[in-house]
Amino acid sequence: MSEQSPVEKIKIASKGLRGTLKESLQDNYTGAVREDDTQLMKFHGMYQQDDRDRREERSMKKLEWLYSFMLRLRLPGGFLTPEQWIAMHHVAGEHSTGTIKITTRQTVQLHGILKSHIKPTMQSFNLAGLDSIATCGDVNRNVCCTSNPGESPVHDEVFQFASKISEMAKPKTRAWYEIWIGEEKIGEKVEEDPLYKDRYLPRKLKVGIAVPPNNDVDIFINDIALIAIIENNKLIGFNLAAGGGLGATHGNPNTYARLATVLGFVENDEEKILKAVYETITVQRDYGNRSDRKLSRLKYTIDKLGVDKYREEIEKRCGFKLEPAKPFEFTERQDRYGWVEDHKGNWHYTAFIENGRVLDGEGIDLKSCLYKIAEAGKCNFRFTANQNVILTDIKDKDKAAIETLLNEYGLIEHTDKAGALRKNAIACVAFNTCPLALAEAQRYLPTLISKIEPILEKHSMINDDIILRMTGCPNGCGRSPNAEIGFVGTAYGKYNLHIGGDRLGQRLNTKYKESLNEEQILDTLDGLFGVYQKEKKENETFGDFSYRKWIL
Amino acid sequence: MQEIITLTGIDPELEIQTSKVTSSVRELLQKHLNILYPLKSTIKQYATIITGHEIAEQTRLSLPDLLKQFPVKDAKMFEEVIKILTAQAPRLYSVSSAPGSHGVNEIHITVSKDEFYVEDEKRTGVSSEYFSTKPVGTEFEFFIQKQKHFRLPTEDKDVIMIGPGTGIAPFRSFIAERDAQAASGRNWLFFGEQHFVTDFLYQTELQDYLQTGALANLDVAFSRDQKEKVYVQHRMKEKGAELYEWLQNGAYMYISGKREPTSKDVEKMLVDIFKEHGNKSEEEAEKYLHQLVEEGRWEKDVY
C-alpha cells in the first residue's frame with residue numbers, strides 16, 4: 001500500500017478531532033491556527049481562508065495575510081425556525097462580514113470570522129440549538145433533502161430521514177463542545193466511534209434525498225443518494241444510489257466528475273434504510289483511497305471495486321439484499337418560485353436570492369426583509385440546493401401578513417422580475433476568499449448573465465429554463481459539470497465552456513471550448529443559440545440539443 | 001510659508017538675526033523656526049507684541065492660525081515675532097534596525113503618523129507628516145544621539161522587552177541584533193496596539209523570529225478588539241509566574257513607549273506580579289523593582 005496522505009496522520013493523532021486547537025486559539029500573535037489544526041478545523045465546520053485581494057498590500061506592511069474563517073452550519077434538509085433565523089442574523093452582524101450565504105447544500109455559511117470571534121459565534125449558535133459539527137472535513141456533510149413541502153404529501157416523512165442520517169453519521173467526539181463552548185472534558189479517554197473510528201473517512205461524503213418528480217437537490221451529485229419511491233401518495237421506500245461527485249483536477253486525467261449509480265431499492269423500514277446508508281459509508285471508509293486525496297471520493301472507490309462488488313459488500317454488511325431498483329421519473333430541477341400550497345393547506349413562498357447572498361443593499365434589502373419576517377414568527381425557513389429561501393409552513397390566515405412584508409421590501413417583485421437564466425444559475429464562492437479559486441465566480445456571474453440575456457432575447461430564448469452554472473476551479477462546488485451550460489475557471493478571466501448536460505441533472509456536460517474570455521464566451525453562445533433555434537426539435541432543451549449536435 | 005508671507009507682507013529676502021542664526025526670512029521660516037505649533041510661552045510673547053488680545057491656552061495653534069486670528073499690524077511687527085520664535089526642535093526616534101542584521105548602511109526608524117484635531121480641523125504632526133508625504137529617495141539631515149543606558153546585556157542573559165505601539169522600535173533592533181549574534185539568552189517581547197488586524201507592527205518579522213526561536217515568547221494585547229480594554233500589562237499579569245521566574249534567573253527588562261500611562265501602569269503591574277509570585281509585601285515588591293533599577297535590569301526609554 002502506498003503511503004498515507006498527511007491528513008490521515010493528522011486525523012489519527014488528533015485525539016478525537018481535538019489536536020492542538022485550544023492552543024491554536026491562544027496563539028494571539030496570529031490570526032491563523034497551527035498548520036495541522038487547519039485540517040481539524042474543517043471537521044468542526046470551518047475553513048481557514050484569507051482575503052486574497054489584500055495579500056500584497058499586507059505583506060508590504062509586514063502584516064500576515066488577513067486570515068479569517070468560514071463557518072458552515074449543520075442544517076439537515078436546510079431547516080431553520082424563525083428564532084434560529086434571528087439568532088443567525090445577529091451572529092452574522094456581530095462576528096462575520098454580515099452576509100448570510102445560503103450554500104448549494106441547503107445550509108448557511110458565514111465568512112470573515114476572525115479567530116478571536118469564533119468562540120462567541122459558536123456559543124451564540126449553540127444557544128439557538130445550532131451547530132457546525134462535521135459540515136466540512138472527511139465526514140458525512142450536511143444532508144440534503146428536497147426542500148419544498150408543497151412538492152409531495154410524503155415530503156415530511158422523507159424530510160425526517162435527513163435529520164436521522166445526519167445524527168447517525170455525526171462524529172461521536174465531544175470535541176466541538178469542549179473547544180468552542182467550554183464543556184468540561186470527562187476523563188482522558190477518547191470517545192469510541194464505531195463509524196468513523198480514529199481515521200474518519202478518506203474524504204468528504206455527501207448524502208442527499210430527493211422526492212421525485214423534482215430533482216431540485218441535484219441528487220446524482222451525491223456520494224450517497226436516496227430517491228423516494230412513492231406509490232399512491234405513500235412512501236414505499238427508497239432507491240439507493242452511490243458514487244456521485246463533480247470534482248476533478250485540471251490536468252489530472254485520473255480525476256473526473258461522476259453521477260451516482262442506482263444500486264437497488266430498500267423498503268420503507270427506517271432501520272433498514274439507515275443501515276443501508278450506514279454500510280454504504282463503511283465500505284467507502286474501508287476501501288477508499290487514503291494515500292491520494294484527489295482519488296479518495298466514493299466515486300473512485302465504486303469504480304475501483306466495481307458497482308456489483310460495492311453492492312455486494314453493502315449487502316454483506318447489512319445482512320439483507322437490496323431489491324431491484326424501482327422506476328422513478330424526474331421532470332424538473334428547479335425551485336418553485338412564488339407561492340405553493342401543500343396537501344395540508346399550508347403555504348410556502350420561495351424567494352429568489354441571487355447566489356444565495358442575503359444582505360442589504362444591491363437593490364434590495366433582503367436581510368432586513370427576512371429578519372422582519374422572522375420576527376413576525378409566522379413561518380419557518382428552508383433553504384434550497386439552488387441557494388434560495390422558502391418561507392414555509394405558513395397558515396392560510398398568516399399568508400396575507402407575510403405577503404405584506406414581502407411586498408414592503410419588494411421581494412415578490414424581485415423574484416418575479418428575475419429572468420429564467422438567472423433564477424436557475426449557480427456560482428461557487430471563488431474569489432476573494434476561496435483558496436482554490438483560479439477565476440471569479442460568484443462576484444462575476446451576475447454581470448455575465450446580464451450580458452447573456454440580450455443574446456437569449458435575440459434568439460427568443462429568454463424564458464427558457466436553461467441551467468447555467470459557474471465554478472472558479474474544477475472542484476465543482478457550483479455543480480457546473482451537470483449543467484446545460486457549465487463554466488469552469490482556468491485562470492483569471494478565463495473559463496472552459498462545457499455543454500451537453502441535460503436539464504434534469506442526469507447527464508454530465510462535456511468540455512466544448514477551452515479558456516475563453518468574456519468576449520469569446522458571448523460570441524460562442526450567440527453562435528450556439530442561433531444554431532439551436534434553427535435546428536432544434538420540438539420541446540428539445542438546449543442541453544439535449546447541444547449534446548446531440550456537438551458532443552455525440 | 002507662502003501663507004505667512006502673504007499674511008504679513010514681509011519681504012522674504014530680508015535678513016534677520018535671531019538668537020541662533022542670521023538668515024533670510026524665507027530660510028528662517030522654511031528651515032529653522034518652529035512655525036507649525038509654537039510653544040505656549042511663544043504664544044504668550046506673541047500676545048504681548050500684538051497687544052490687546054488674550055489668547056486662550058488650550059488649543060494648539062499654528063503661526064498662520066495666530067496671524068489670521070490675531071493679525072500683526074505690519075511687516076515690521078512681524079520681524080519682532082520672528083525673533084521670539086523658537087528653533088525647530090529635532091525629533092528623536094529610536095533606531096529600529098541593527099547593524100548585525102540589516103547591515104551597516106541602513107538605519108530604520110519606526111514612525112507613527114500623528115493626527116489630531118484642532119476645532120474639528122484635522123492636523124498632523126510636523127515630522128511624521130513630513131516623512132509620510134516625501135517620496136522614497138528624499139534626503140534629509142539627521143544626527144545620531146548615542147544611548148548610554150538602554151543597551152543590550154551580554155549575549156547569555158535573558159531579555160524581556162515591553163514595547164507597545166512605536167515603543168517596539170528599539171526592540172526590533174534588539175531582537176535583530178541578538179538574532180545576528182545567535183545569543184544564547186532568551187528574548188521575550190510584549191507588544192500592544194489598538195487593533196490586531198491593522199496595527200500589528202512588524203507582525204510577520206516577529207512571527208518569523210518566533211519560528212526560529214530568536215523570540216522565545218511573544219505576547220500581544222490589542223486594546224480595542226473587545227469590549228474590555230486589554231493592554232500589555234494585562235498580558236504580563238497572565239504570564240506573571242513565568243515573568244518572575246525569568247527575572248529571578250537574572251533577566252534584563254526594558255520598556256519603551258509612553259511614560260503616561262503605559263510605563264506607570266506597567267510598573268504598578270510589576271509590583272503586583274512580584275507580590276503574587278514572589279510572596280512579597282507591597283514594600284518588598286517595590287524594593288525588588290528598585291533593586292532591578294540599581295542593577296541596570298529595569299531600563300526605561302519613555303517619553
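Values in this document were obtained by computation on a predicted structure and should not be read as measured data. These numbers come from the heavy atoms of this one structure, side chains and all, not from hydrogens, waters or symmetry mates. A note on names: the letters A, B, ... follow the listed sequences, proteins ahead of strands, and every chain is numbered from 1.
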Pairs of heavy atoms under 4.5 Å with chain A: top-ranked of B/Arg235, B/Gln207, B/Gln226 |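 Looking at each option in turn, the highest pair count goes to B/Gln207.
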Heavy atoms only, distances under 4.5 angstrom: which of B/Phe200, B/Phe222, B/Phe191 has the most pairs with chain A? Name it, please.
->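 Of the candidates given, the most pairs with chain A belong to B/Phe200.
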Please work out which of the three classes, parallel, tilted or perpendicular, describes the rings of B/Phe150 and B/Phe171, given edges at 30° and 60°.
->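 Rings of B/Phe171 and B/Phe150: tilted, as their planes differ by 30° to 60°.
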Report the C-alpha distance between B/Thr110 and B/Tyr202 in whole Å, list the side-chain angles of each, state the deciding distance to 0.1 Å, and finish with yes or no for side chain to side chain donor-acceptor pair (under 3.5 Å).
-> CA-CA 10 Å; B/Thr110 305; B/Tyr202 304 111; 2.7 Å; yes
Is the B/Phe190-B/His234 ring centre distance short of 6.0 angstrom?
->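 No, the ring of B/Phe190 stays outside the 6.0 Å limit from the ring of B/His234, centre to centre.
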Does a side chain donor of either A/Tyr29 or B/Gln203 reach within less than 3.5 Å of an acceptor in the other side chain?
->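 Per modelled atom types, A/Tyr29 and B/Gln203 side chains form no pair under 3.5 Å.
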Heavy-atom distances under 4.5 Å only: say whether A/Leu63 touches chain B with side chain, backbone, both or neither.
->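 A/Leu63 touches chain B through backbone and side-chain heavy atoms alike.
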Heavy-atom distance under 4.5 Å to chain B: side chain of A/Thr30, backbone, both or neither?
->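 It is both, since atoms from each part get that close.
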For residues 245-255 of chain B, tabulate all N or O donor-acceptor pairs below 3.5 Å that involve a side-chain atom, not counting sequence neighbours.
from: B/Gln248; atom 1: OE1; to: B/Tyr288; atom 2: OH; distance (Å): 2.7
from: B/Asn249; atom 1: ND2; to: B/Glu245; atom 2: O; distance (Å): 3.4
from: B/Tyr254; atom 1: OH; to: B/Arg151; atom 2: O; distance (Å): 2.7

So what's closer than 4.5 Å to chain A heavy atoms on B/Leu210: side chain, backbone, both or neither?
->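 Only the side chain of B/Leu210 comes within 4.5 Å of chain A.
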